[in-house]
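Quick note: numbers below take in every heavy atom, side chains included, and nothing from hydrogens, waters or symmetry partners. For ligands, and for the atoms within them, numbers begin at 1 and follow the listed sequence.
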Amino acid sequence: MTGVREAFESMSWGPAPESPSPAVKWLDEHGRAFGHLIGGSFGPAGAATFPTINPATGEELARVTQGTGDEIDRAVSAARAAQPGWWALGGHGRARWLYALAREVQRNSRLLAVVESLDNGKPIRESRDLDIPLVARHFYHHAGWAELMETELAGHEPVGVIGQIIPWNFPLLMLAWKIAPALATGNTVVLKPAEFTPLTALLFADLANRVGLPPGVLNVVTGDGATGAALVGHPGVDKIAFTGSTDVGRIIRAATAGSGKKLSLELGGKSPFVVFEDADLDSVVEGVVDAIWFNQGQVCCAGSRILAQEGIAARLVEKLRARMETLRVGSPLDKAVDIGAIVAPVQLEKIQELVEQGKREGATCWQPSWSCPTEGLFYPPTLFTDVSPAATIAQVEIFGPVVVLMTFRTPAEAVEISNNTRYGLAASIWTENLNTALDVAPRIKAGTIWVNCTNLFDAASGFGGYRESGYGREGGREGLWEYVRAARSEERGARRNPSLGEDPAGVDGAGLRPEPHLPPPSSLLPPIDRTAKLYIGGRQVRPDSGYATPIRDPAGALAAEAPQGNRKDIRNAVEAAHAARSWASATAHTRAQVLYYLGENLAAREAEFAARLASLTGASPESAAGEVRAAIRRAFYYAAWADKYDGAVHATPFRNVTIAMNEPVGVLGLVAPVEAPLLGFLSLVLPAVAMGNTVVAVPSERWPLLATDLYQVLDTSDVPGGVINIVTGRRQELAMVLASHDDVDGVWFFGPRDEAAEVERLSTGNMKRTWAEWDRREWGDDHQGQGPEFLREATQVKNIWVPYGA
Ligand code: ADP
């Protein structure tokens with residue numbers, strides 16, 4: 001018999017099983033077969049069902065229905081019918097419902113935790129102490145946003161019906177991240193849970209019915225990827241919010257291209273976990289446990305790449321190996337278990353294959369001396385050393401309890417290896433030196449940075465990716481923008497000029513200048529030999545093609561020739577824009593100064609630009625002068641914003657400052673609208689550069705000369721070479737090159753719908769952000785032509801978590 005002393009010394013724990021009986025009772029009450037929740041009632045299980053399995057035992061828990069296109073259609077109709085009433089309830093009304101949902105989650109927290117652990121395999125300690133409390137917190141927090149929407153999101157309205165597709169790693173938490181902000185802001189929802197883990201979504205739907213949530217506000221349709229695809233493709237859905245793999249994210253981006261649906265994507269990651277030699281190594285070890293052995297490593301932001309500074313790497317490996325020995329893998333319902341079951345056989349096989357590949361590629365594999373339970377889908381904590389940064393296991397998302405360790409020498413090298421990935425979801429930085437932490441944090445390309453901590457989440461802080469980890473944020477004030485539109489959208493739609501059909505901003509610009517042509521005084525006409533060039537890297541250069549396009553005035557006379565830029569010119573411009581990326585670290589004050597100067601220099605040439613506009617476009621002198629004046633004001637407007645578009649410090653409930661920092665997107669491709677050739681062009685360029693982006697801008701194809709006339713203004717305004725690059729030519733051709741260019745981080749496109757669709761489709765290569773619009777804007781209108789919307793599009797939020805105190 002084991003004595004107390006031996007037990008104490010071995011520190012081995014007895015099992016502490018959580019009872020599954022309340023969960024079993026709930027499953028039995030439903031006959032272990034589920035239909036969908038549509039329009040407030042649960043249908044019977046459908047003709048085609050599939051089992052959902054407990055991965056720890058292989059036992060079938062229940063059968064759920066494979067949602068069909070018809071069922072998606074019914075769910076979308078129910079959501080559509082419910083939406084106006086839900087919005088009309090007002091912020092306070094919706095707040096009360098969200099509050100009721102939060103309370104109901106808390107009242108049923110243990111049942112939800114047990115069902116989650118049964119269905120997904122995660123340890124009950126995690127579902128009970130982390131997933132479910134965060135779910136409740138999310139609903140409480142967003143009850144607050146519903147209450148505050150009227151003042152805090154003034155001038156905005158709900159997007160409408162939201163299609164939401166979630167993965168299996170945090171089934172209920174992802175549901176909360178999706179549903180809470182959508183409902184708070186007046187939208188209604190059709191949610192499809194992952195096929196491996198549908199049960200807590202069904203239980204939540206049951207609870208929502210129990211509290212009496214109005215029918216149709218929340219609809220849950222189960223099924224696999226085909227059901228998800230039907231939801232994505234449904235024309236009645238106004239926005240898709242997706243969390244899952246980058247591959248499926250790419251498919252969804254392509255499928256929604258040109259549909260006008262809003263889209264947010266939270267995709268994969270390969271997050272660095274950077275350990276400097278002054279870090280507290282014992283805390284680091286516990287950090288690694290939380291980073292990669294939490295939820296069996298099936299976490300999109302898992303710290304799966306440890307980068308250790310050379311001096312401490314060996315000691316860290318030793319400590320990690322010792323800690324791995326003490327981790328417990330086993331029944332998820334055992335409260336003393338650290339690591340539960342892998343969600344499904346296919347996932348386990350993928351982990352096993354990648355580990356074998358890691359060994360084949362020459363890395364050293366460390367696993368504990370004990371073995372995992374053989375019944376059920378278990379995998380031991382695994383550490384790889386001697387890994388080269390280019391190895392498969394250092395690049396591919398394994399989504400299992402497998403971490404690789406590499407070394408670095410200097411902070412610069414740590415940043416370089418950190419960013420040596422196509423992803424950008426999260427990073428952890430471990431150092432006792434705050435200077436080092438806050439120096440390195442902004443340089444790592446990731447949406448969340450944890451300093452001396454990891455995998456902390458809260459409803460008050462946005463979460464989401466850079467680069468191929470997706471776009472959009474969930475949580476925080478920044479997450480709300482995904483679920484609202486400016487209230488003017490309908491008004492704008494109504495103003496669309498029907499005679500222009502689908503192509504309101506067609507290349508010929510017909511109908512965009514309604515004033516009768518007033519011939520300008522000939523003294524103001526520019527001489528024909530002013531052949532414009534491209535503007536790349538701060539220099540005027542000839543186009544690669546050697547071709548130019550004649551630009552005619554409204555009377556048909558040749559006004560000048562504009563160079564025809566091509567693929568190669570765009571490539572050069574992108575290179576120049578990259579070379580000028582130090583613009584991002586220029587102070588906001590400096591950027592403001594440059595923009596003021598630009599406005600000042602434009603003002604000095606106001607009459608000349610107005611005359612040029614009038615002569616080229618046939619606008620009345622008054623309207624032309626008005627456009628130039630508006631452009632000057634816009635320069636001042638964005639100069640004003642440059643040092644005022646502050647981030648925030650989020651109130652997360654830890655001893656913590658969570659710094660939400662607005663960062664530039666990077667290199668932006670800007671395709672200007674055909675109309676308002678000066679103002680439309682500057683309305684894109686100014687906010688982009690004000691926020692620290694560098695740009696490759698394609699001016700109006702019909703009237704490019706207003707942009708090429710700006711070269712001297714840029715030269716005299718201290719705009720550093722490469723910050724603003726201008727390539728004239730065929731809009732369609734140049735836009736597509738920008739959209740498919742892997743070194744372009746985002747594209748703004750204002751033009752016809754079919755081209756906008758193509759831009760969105762081509763963006764999937766590196767999952768760049770796109771902002772594509774085909775409705776015409778009134779660029780002279782302060783509400784449409786400028787504003788925080790432009791600044792939001794020009795930035796992405798990075799949340800840096802910095803704990804303090806003991
Ligand atoms: P994971 O690798 O995390 O399983 P997936 O991206 O495969 O992630 O799945 C995440 C969610 O996306 C699941 O709910 C799945 O059913 C759904 N899904 C898979 N394929 C598609 C698709 N083509 N269109 C829409 N949803 C899909």
Side-chain angles (χ1 to χ4, degrees), residues 36 48-53 55 64-69 71-72 75-76 119-122 162-179 189-202 204 219-235 237 239-257 259 261 263-271 295-302 304 342-351 353-354 377 396-400 423 425 465 468-470 474 761 764 767:
H36 314 295
T49 60
F50 58 89
T52 182
I53 308 283
V64 298
T65 301
Q66 168 66 15
T68 62
E71 286 159 338
I72 288 288
V76 172
D119 203 19
N120 164 282
K122 64 174 66 200
I162 316 291
Q164 305 188 315
I165 298 171
I166 54 175
W168 45 259
N169 58 343
F170 293 93
L172 194 67
L173 185 57
M174 291 302 104
L175 170 147
W177 282 21
K178 296 272 180 296
I179 291 182
V189 165
V190 178
L191 176 119
K192 191 202 83 66
E195 51 271 47
F196 294 144
T197 55
L199 290 182
T200 42
L202 293 165
F204 182 87
N219 305 275
V220 176
V221 178
T222 52
D224 62 10
T227 311
L231 183 56
V232 168
H234 196 289
V237 170
K239 171 191 161 72
I240 294 290
F242 171 79
T243 298
S245 59
T246 296
D247 288 345
V248 174
R250 200 166 260 131
I251 293 171
I252 292 177
R253 168 69 287 181
T256 53
S259 64
K261 287 175 188 158
L263 180 63
S264 49
L265 300 172
E266 201 266 89
L267 309 174
K270 190 77 183 177
S271 298
N295 205 23
Q296 297 72 252
Q298 303 167 134
V299 182
C300 49
C301 53
S304 51
I342 303 295
V343 74
V346 37
Q347 187 60 23
L348 183 59
E349 280 158 27
K350 183 182 148 201
I351 296 168
E353 268 166 35
L354 281 164
L377 309 174
V396 171
E397 186 179 35
I398 299 175
F399 230 64
Y423 296 114
L425 198 50
E468 291 188 36
S469 292
E474 297 189 295
R761 255 191 301 277
T764 56
M767 294 306 280

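Contact of the F196 side chain with the V346 side chain is registered, since non-hydrogen atoms from C-beta on lie closer than 4.5 Å. Counting only heavy atoms from C-beta outward, the side chains of M174 and P193 never approach each other to under 4.5 Å. Between T227 and T222, the closest side-chain pair of non-hydrogen atoms is not below 4.5 Å.
A pairwise comparison of heavy atoms in I240 and I252 identifies CG2-CG2, 4.1 Å as the closest pair. Taking both residues in full, the closest heavy atoms of S469 and Y423 are given as OG-CB, 3.4 Å, listed atom of the first, atom of the second, then distance. Minimum heavy-atom separation, V221 to A75: CG2-CB, 3.7 Å.
The protein heavy-atom contact nearest to atom 12 (O) of ligand 1 is F242 CE1, 3.2 Å. For atom 8 (O) of ligand 1, the nearest protein heavy atom (residue, atom name, distance) is S245 N, 3.5 Å. Here the heavy atom of the protein found nearest to atom 21 (C) of ligand 1 is V248 CG1, 3.5 Å. The protein non-hydrogen atom at the shortest distance from atom 15 (C) of ligand 1 is E195 OE1, 3.5 Å. Closest to atom 14 (O) of ligand 1 among all protein heavy atoms lies I166 O, 2.8 Å. Here the heavy atom of the protein found nearest to atom 22 (C) of ligand 1 is G225 O, 3.6 Å.
Using a 4.0 Å cut-off between heavy atoms, F399 makes no contact with ligand 1 at all. Only the backbone of D224 comes within 4.0 Å of ligand 1, counting heavy atoms alone; no side-chain atom from C-beta on gets that close. Residue contacts with ligand 1 for L231 are absent, since no atom lies close enough (heavy atoms, distance under 4.0 Å).
Judged by distance alone, the side chains of D119 and T52 do bring a donor and an acceptor atom under 3.5 Å apart.
Inside a 4.0 Å radius of atom 1 (P) of ligand 1 there is at least one protein heavy atom.
Residue A194 has at least one heavy-atom neighbour below 4.0 Å for each of these atoms of ligand 1: 14 (O). Close approach of ligand 1 to I165 is summarised as follows: ligand atoms under 4.0 Å from at least one heavy atom of the residue are 11 (C), 12 (O), 14 (O), 17 (C), 25 (C), 26 (N). Under a 4.0 Å criterion applied to the non-hydrogen atoms of W168, ligand 1 contributes the atoms 1 (P), 3 (O), 4 (O). Heavy-atom contacts of G228 reach the following atoms of ligand 1: 24 (N), 25 (C), 26 (N) (cutoff under 4.0 Å).
Not counting sequence neighbours, the partners of K178 by the salt bridge (charged side-chain N to carboxylate O under 4.0 Å, His left out) test are E474. Residues that satisfy the salt bridge (charged side-chain N to carboxylate O under 4.0 Å, His left out) test with E397, not counting sequence neighbours, are absent from this structure.
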